[in-house]
Structures are given as structure tokens and as C-alpha cells.
Amino acid sequence: MRLLYSLALLALSISQSYAAQLALIIDDIGYRHTDKAVLALPNTVTLAVLPHTPLGKELANAGHQKGHEIMLHLPMQALNGKTLGLGGLTNTMTEAQIRTSVIDAINSVPFAKGANNHMGSLLTQLDDPMLWVMETLKQKQLYFVDSMTTRFTKAGDNADKLGIPLLKRQLFLDNDTSADALERQFNLMISQAHTQGSLVVIAHPYPETMRFLGDNLHRLKTEGIDLVPASSLLPIGIALKSGTNPVAVLK
């Protein structure tokens, strides 16, 4: 009987060790009072906070106190010309301006361990600006998540060149916030997590998304998927330094 019990525990331990892992990042935090709804999500959800926003520091501090991992959501120029807000990086800025702006953005978001791009379908295609951004992130010891707003992004290449811990967004959950669309994307997220073993997903603090996640995140545990902070999916060498539970880097 003891042998059977021991074998059962071993099997459980092995199955848990190989559970699929999912990092869910909530972007665009800092402008709206409704963004405070992110604090009701499990603290294994990663919060990406926009710099220099009215509620950014408050929500970064509150999220950190609840155990959330905090990221800087760094605005970068888009092809559609959409307004960037304070701290936005553009292709007309000099190297010194970009470096100073990135440092100021980092300083405006307490406890940020990493950064990802807000928009950026234009700027992330440009080698020099991306090199300057990545050199500054490396100086401040932040990892980077490429939001993959364009397939021509150079952000990941420059992060790799400098040895910056890198992840890439693999799924957007809420480009469409209708109930049917959220359900379809959630099911796709579960399927891809199982297939790939780990997954980086981005969502936004829309009221519809927050309600859906509040009602449905419990399904991940039922599916055998661990919801983890983004840094848990970093390369092994980097993850060990920060005390996380690493799996292979996502490219």
C-alpha cells in the first residue's frame, strides 16, 4: 500500500512538473479608473503599466503589494499614426532622447521587472531605435516581451544580440470583446498552451475582458494549465537568477 501511495505521489509530481504554463499580461493600465479591476485578478497575472499616466504609479504599487509582477508598457510609434501619450518613442527622436525617455518611463512605473511595447508597428521595424531601447533596458536589468504588433519587428533581434531576456506575444485574447469572440480566443489559448507547453498571451483592461477573466480563469486549473508571471517563462539562466520557475525561452 505504501509503495502504491509513493508511486501515486511520484506520478502526480511528474505531471505537475510538466503542466502547461501560461503567462497572461494585461496591457494599457494607467489611464482609467476602471483599470483598477485588474487588482481583482489572480496575482499570477502580469500587469503592464503605461508610463506617466494618472493612475500608473498607484496601480503599480497596489499590484506589487498584491503579488503581481509589474511591467512597463512602453509606447512606440505605430504605422496608423495613433497618439502615443507621454513617454512615447518616435522615429524622429535622437538616440539621447530615446534613452532619456526610456529611463524616465522606467522610473515612472515602480517595481517594473520587464517591459513590452505599446503599439510600435512602425518603430519596432527600425534597427537603431530598437538597439537604443534594448541597451537602455539592459542597463536597467529589465527583460523584454515583444508584443509582435508587426511581423517585421526588429525588437527581438536586438534583444537577442544584447542577451536581454526575451519573450514574444503569441496570442491576443481580446481584439474582439464580444462574449462569443472571447470564448473562442480563450479556448484557442487553452489549446495552444497544451500544444506548445507554454504560451504568452496579452489582454487589456476592458470591462468586458475583466468580467470574462473573472468568470473563466478558474478553467485553466481544471485544464491542467499553470497561470504564471511572465518572468517564469524566461530562459533558464535568467530565471534562476530571479528565483522563478523557468521553462524554455519562447522565440
Please determine whether residues [X] and [Y] belong to a single hydrophobic cluster, defined as Ile, Leu, Val, Met, Phe, Trp and Tyr linked transitively by side-chain heavy-atom distances below 4.5 Å.
{"X": "Tyr31", "Y": "Ile25", "answer": "no"}
{"X": "Ile225", "Y": "Leu41", "answer": "yes"}
{"X": "Met71", "Y": "Leu50", "answer": "no"}
{"X": "Leu84", "Y": "Val109", "answer": "no"}
{"X": "Leu72", "Y": "Leu55", "answer": "yes"}

How far does [atom1] of [X] sit from [atom2] of [Y], to the nearest 0.5 angstrom?
{"X": "Lys36", "Y": "Leu59", "atom1": "NZ", "atom2": "CG", "answer": "7.0 Å"}
{"X": "Phe186", "Y": "Leu217", "atom1": "CZ", "atom2": "CG", "answer": "5.5 Å"}
{"X": "Lys168", "Y": "Met148", "atom1": "NZ", "atom2": "CE", "answer": "5.5 Å"}
{"X": "Phe144", "Y": "Ile164", "atom1": "CZ", "atom2": "CD1", "answer": "8.5 Å"}
{"X": "Leu47", "Y": "Phe111", "atom1": "CG", "atom2": "CZ", "answer": "13.0 Å"}
{"X": "Leu182", "Y": "Met189", "atom1": "CG", "atom2": "CE", "answer": "10.5 Å"}

Taking all atoms of both residues into account, what is the closest heavy-atom pair of [X] and [Y], and its distance?
{"X": "Ala19", "Y": "Gly224", "answer": "CB-O, 3.6 Å"}
{"X": "Ile70", "Y": "Pro110", "answer": "CG2-O, 3.7 Å"}
{"X": "Gly30", "Y": "Asp35", "answer": "N-OD2, 2.9 Å"}
{"X": "Ser231", "Y": "Glu69", "answer": "OG-OE1, 2.6 Å"}
{"X": "Ala230", "Y": "Tyr143", "answer": "CB-OH, 3.5 Å"}
{"X": "Met93", "Y": "Trp132", "answer": "O-CZ3, 4.2 Å"}

Next on the checklist: What verdict does the side-chain contact (heavy atoms from CB on, under 4.5 Å) test give for Leu188 and Gln185, after you've listed the backbone C-alpha separation in whole Å, the side-chain angles of each residue and the deciding distance to 0.1 Å?
Outcome noted: CA-CA 5 Å; Leu188 179 60; Gln185 287 299 97; 3.8 Å; yes
Item to check | Within 6.0 angstrom of Gln141 CD, more than 12 heavy atoms from elsewhere | outcome: no
Would you call [X] and [Y] a side-chain contact if the rule is heavy atoms closer than 4.5 Å?
{"X": "Val102", "Y": "Lys140", "answer": "no"}
{"X": "Lys66", "Y": "Leu39", "answer": "yes"}
{"X": "Val38", "Y": "Met210", "answer": "yes"}
{"X": "Asp28", "Y": "Pro205", "answer": "yes"}
{"X": "Asn117", "Y": "Thr153", "answer": "no"}
{"X": "His52", "Y": "Asp104", "answer": "yes"}
{"X": "Thr136", "Y": "Leu142", "answer": "no"}
{"X": "Ile202", "Y": "Asn116", "answer": "yes"}

Item to check | Steps toward side-chain contact (heavy atoms from CB on, under 4.5 Å) verdict (Val145, Thr46) | outcome: CA-CA 12 Å; Val145 177; Thr46 301; over 6 Å; no
Looking at [X] and [Y], would you say the former's side chain and the latter's main chain have a donor-acceptor pair under 3.5 Å?
{"X": "Ser101", "Y": "Gln97", "result": "no"}
{"X": "Asp174", "Y": "His204", "result": "yes"}
{"X": "His194", "Y": "Glu223", "result": "yes"}
{"X": "Ser108", "Y": "Ala105", "result": "yes"}
{"X": "Asn187", "Y": "Arg184", "result": "no"}
{"X": "Gln170", "Y": "Val200", "result": "yes"}

Checklist entry - Per the side-chain contact (heavy atoms from CB on, under 4.5 Å) rule, which among Thr150, Leu79, Asn80 passes with Leu122? => result Leu79
Checklist entry - Could you go step by step and tell me if Ser178 and Asp180 meet the side-chain hydrogen bond (donor to acceptor under 3.5 Å, both in side chains) rule? => result CA-CA 6 Å; Ser178 67; Asp180 287 345; 6.0 Å; no
Item to check | Under 3.5 Å side-chain donor-acceptor pair for Gln65 and Asn61 | outcome: no
Next on the checklist: Before you tell me yes or no, could you show the steps for Thr90 and Thr92 under side-chain hydrogen bond (donor to acceptor under 3.5 Å, both in side chains), namely the whole-Å CA-CA distance, both residues' side-chain angles and the distance that decides it to 0.1 Å?
Outcome noted: CA-CA 5 Å; Thr90 72; Thr92 61; 3.0 Å; yes
Item to check | Test: Arg99 and Glu95 ion pair at under 4.0 Å | outcome: yes
Next on the checklist: Between Asn43 and His68, does the side-chain contact (heavy atoms from CB on, under 4.5 Å) criterion hold? Intermediate values first, please.
Outcome noted: CA-CA 5 Å; Asn43 65 4; His68 291 276; 4.2 Å; yes
Next on the checklist: Show, in sequence, the C-alpha distance, side-chain angles and deciding distance for Ser232 and Gln21, and conclude whether the side-chain hydrogen bond (donor to acceptor under 3.5 Å, both in side chains) test is met.
Outcome noted: CA-CA 9 Å; Ser232 292; Gln21 293 186 304; 5.8 Å; no
Item to check | Worked check of side-chain contact (heavy atoms from CB on, under 4.5 Å) between Leu126 and Lys154 | outcome: CA-CA 6 Å; Leu126 306 179; Lys154 302 291 181 62; over 6 Å; no
